[in-house]
Amino acid sequence: MATASESIPLVDLEAPAQDIVEGISQLGFLYLKCPAIPAASSVERMFDLSRQFFLSESITEKEKVAITINNAGWAKLRQEALDSDGYPSGDIKEAFNMRQFDKDDVPRQPLPPILQSNVQEIAQFMRDCHQLCLRILETFAIALNLPKDFFTERHPYGSPQGSVLRLLYYPETDVSGTKHRQDIRAGAHSDYGSLTLLFQQTHGGLQVLLPSLPGQPSDEARWLDAPVIKDAVLVNIGDLMDFWTAGKFKSTLHRVKMPQTSEEAKPRFSIAYFLHPDDEVRLARIIPSDVKEEEDASFKRSAKARFGVDPNEAPLTAKEWLERRLTATYTGRKDS
């Protein structure tokens, strides 16, 4: 259980860079209040399209665009297992991943009819999400005493990259029996990229893992609810940024819990934008000047265990990083 002082900060995008950095550094998560982009009407429209796809598109059309090894397409119920050790039967959700369109707003993958007929709206939403991420990345660069455009120029819109717009659907769940007690809507995981934007509507369920307290048993994790806040976007740090900045900006495990009440059990929709650098960017670690040698040694040990990447090896490209992280996530993906 969270203490009274433990909560996800709510910060205005126009606040000083230090406020944003300090806010997101507490738990790896931050609510951004009322950003001008994407516009609220655009967010609402994307939720409309998401509902149409998941609830009205035929299984035949969905299967034509099934998830591929390029992390693009439709993932059916239980196909994804974000915590395969804890919940091997898979997550109780569907998802549709759209790789970032090219610089001319042309999709890089086949889309189902409902989404294909609205490509221009989707393209603008992607661009707006990307632009919002770049604003946040500028504050990270300032905090690390780097040129303001250090991260932004390594995340150009439209270049080959792993950035993905993801539509998510968690179907209604029966909470009256015991059938789903060993299930999870989305298993505990951290995101793979630089930053994630999450848009939520009406029903929450997301939880963030809190730091352990002194004397806390290792098998008694503490989870903090991340409720829906009207006109706010939830932002979190991804593993790539954690690794890249030698732990200055830490990623945090999170999950979507199973419903406990009839209200929570209603269908849940969310939309995530996962930001990744250009495929060819080399992830040479940026070690803050105030990090001590023993602290960096400790980070190296933990990084290898957490990310499966040895900080002592030659820097991976962003593309290589993502390929390593995706390997164990999906079952039954297409080859292209």
Side-chain angles (χ1 to χ4, degrees), residues 5-47 100 121-158 161 163-166 191 193-202 204 206 208 224-238 240-242 244-245 247-252 254 270-278 286 288 290:
S5 62
E6 291 174 313
S7 63
I8 298 173
L10 175 64
V11 179
D12 194 294
L13 181 61
E14 302 306 322
Q18 182 178 356
D19 291 358
I20 295 174
V21 167
E22 289 181 355
I24 204 166
S25 295
Q26 292 180 32
L27 293 173
F29 278 76
L30 174 76
Y31 287 106
L32 272 185
K33 181 170 56 177
C34 303
I37 58 170
S41 59
S42 179
V43 174
E44 180 63 38
R45 177 58 177 157
M46 288 305 303
F47 274 108
Q100 188 186 88
E121 287 180 281
I122 296 169
Q124 187 59 56
F125 186 77
M126 282 186 178
R127 285 184 175 274
D128 288 347
C129 287
H130 197 90
Q131 187 60 39
L132 178 55
C133 287
L134 297 187
R135 291 282 304 276
I136 300 167
L137 289 182
E138 288 179 346
T139 69
F140 287 11
I142 292 170
L144 289 165
N145 295 315
L146 297 170
K148 187 178 180 180
D149 62 356
F150 179 87
F151 292 117
T152 59
E153 70 176 10
R154 288 163 174 78
H155 293 78
Y157 187 87
Q161 61 189 271
S163 297
V164 163
L165 177 65
R166 177 170 234 211
D191 297 338
S194 301
L195 281 178
T196 302
L197 305 179
L198 182 71
F199 302 87
Q200 304 184 87
Q201 264 196 342
T202 311
L206 183 72
V208 176
L224 173 69
D225 288 333
V228 177
I229 295 182
K230 183 176 174 57
D231 297 327
V233 180
L234 187 59
V235 184
N236 67 277
I237 298 167
L240 183 149
M241 184 60 67
D242 188 334
W244 200 0
T245 62
K248 169 67 175 179
F249 295 105
K250 290 181 170 59
S251 58
T252 306
H254 49 284
S270 63
I271 298 172
Y273 183 75
F274 299 99
L275 179 74
H276 288 255
D278 179 280
I286 304 161
D290 59 348

Leu195 side, atom CG; Phe274 side, atom CZ - distance, nearest 0.5 Å: 11.5 Å
Stepwise side chain to side chain donor-acceptor pair (under 3.5 Å) check, Gln26 with Glu6: CA-CA 9 Å; Gln26 292 180 32; Glu6 291 174 313; over 6 Å; no
Test applied, side-chain hydrogen bond (donor to acceptor under 3.5 Å, both in side chains); reference residue, Gln161; option that passes from Gln100, His276, Arg154: Gln100
Spatial distance of atom CG (Asp191) from atom OG1 (Thr196) [nearest 0.5 Å]: 3.5 Å
Side chain to side chain, Phe249 and Val21, heavy atoms closer than 4.5 Å: yes
Criterion side chain to side chain contact (heavy atoms under 4.5 Å, CB included) on Leu234 and Leu206, from CA distance to verdict: CA-CA 11 Å; Leu234 187 59; Leu206 183 72; 3.4 Å; yes
Close side-chain approach of Leu144 to Phe150, heavy-atom, < 4.5 Å: no
Over all atoms of both residues, closest heavy-atom pair of Thr152 and Leu137: CG2-CB, 4.3 Å
Distance-minimising heavy-atom pair for Tyr273 and Cys129: CG-CB, 3.6 Å
Side-chain heavy-atom pair Tyr157, Met126 within 4.5 angstrom cut-off: yes
With Gln200 via side chain to side chain donor-acceptor pair (under 3.5 Å) - residues at least two apart: Arg268
Interatomic spacing from NZ in Lys230 to OG1 in Thr202 - rounded to 0.5 Å: 9.5 Å
Shortest non-hydrogen contact from Ala232 toward Leu10: CB-CD1, 4.2 Å
Check against side chain to side chain contact (heavy atoms under 4.5 Å, CB included), Asp128 and Gln124: CA-CA 6 Å; Asp128 288 347; Gln124 187 59 56; 3.0 Å; yes
Option among Leu275, Val235, Leu197 that satisfies the side-chain contact (heavy atoms from CB on, under 4.5 Å) test with Leu132: Leu197
Heavy-atom closest contact (Ser194 atom, Leu240 atom, distance): OG-CD2, 3.5 Å
From Ile271 atom CD1 to Arg166 atom CZ, the distance as rounded to the nearest 0.5 Å: 12.5 Å
Ring geometry between Trp244 and His155 (parallel below 30°, tilted from 30 to 60°, perpendicular above 60°): tilted
Min side-chain heavy-atom separation Leu32-Ile136 under 4.5 Å: yes
Approximate separation, where rounding is to 0.5 Å, of Tyr31 OH and Ile8 CD1: 4.5 Å
Check: Val11 and Leu30 side chains under 4.5 Å, non-hydrogen atoms: yes
Distance-minimising heavy-atom pair for Asp242 and Ile237: N-CG2, 4.4 Å
Closest non-hydrogen atom pair, Asp231 against Pro35: O-CD, 4.1 Å
Geometric class of the Phe125/Phe199 ring pair [parallel <30°, tilted 30-60°, perpendicular >60°]: tilted
Validation row: Thr245, Phe151 side chains within 4.5 angstrom (heavy atoms): yes
Met46 side chain near Ile122 side chain, heavy-atom distance below 4.5 Å: yes
side-chain hydrogen bond (donor to acceptor under 3.5 Å, both in side chains) pairs, two or more places apart, involving residues 9-25: Glu14-Arg135, Gln18-Glu22
CD1-NE2 distance between Ile37 and His130, expressed to the nearest 0.5 angstrom: 11.0 Å
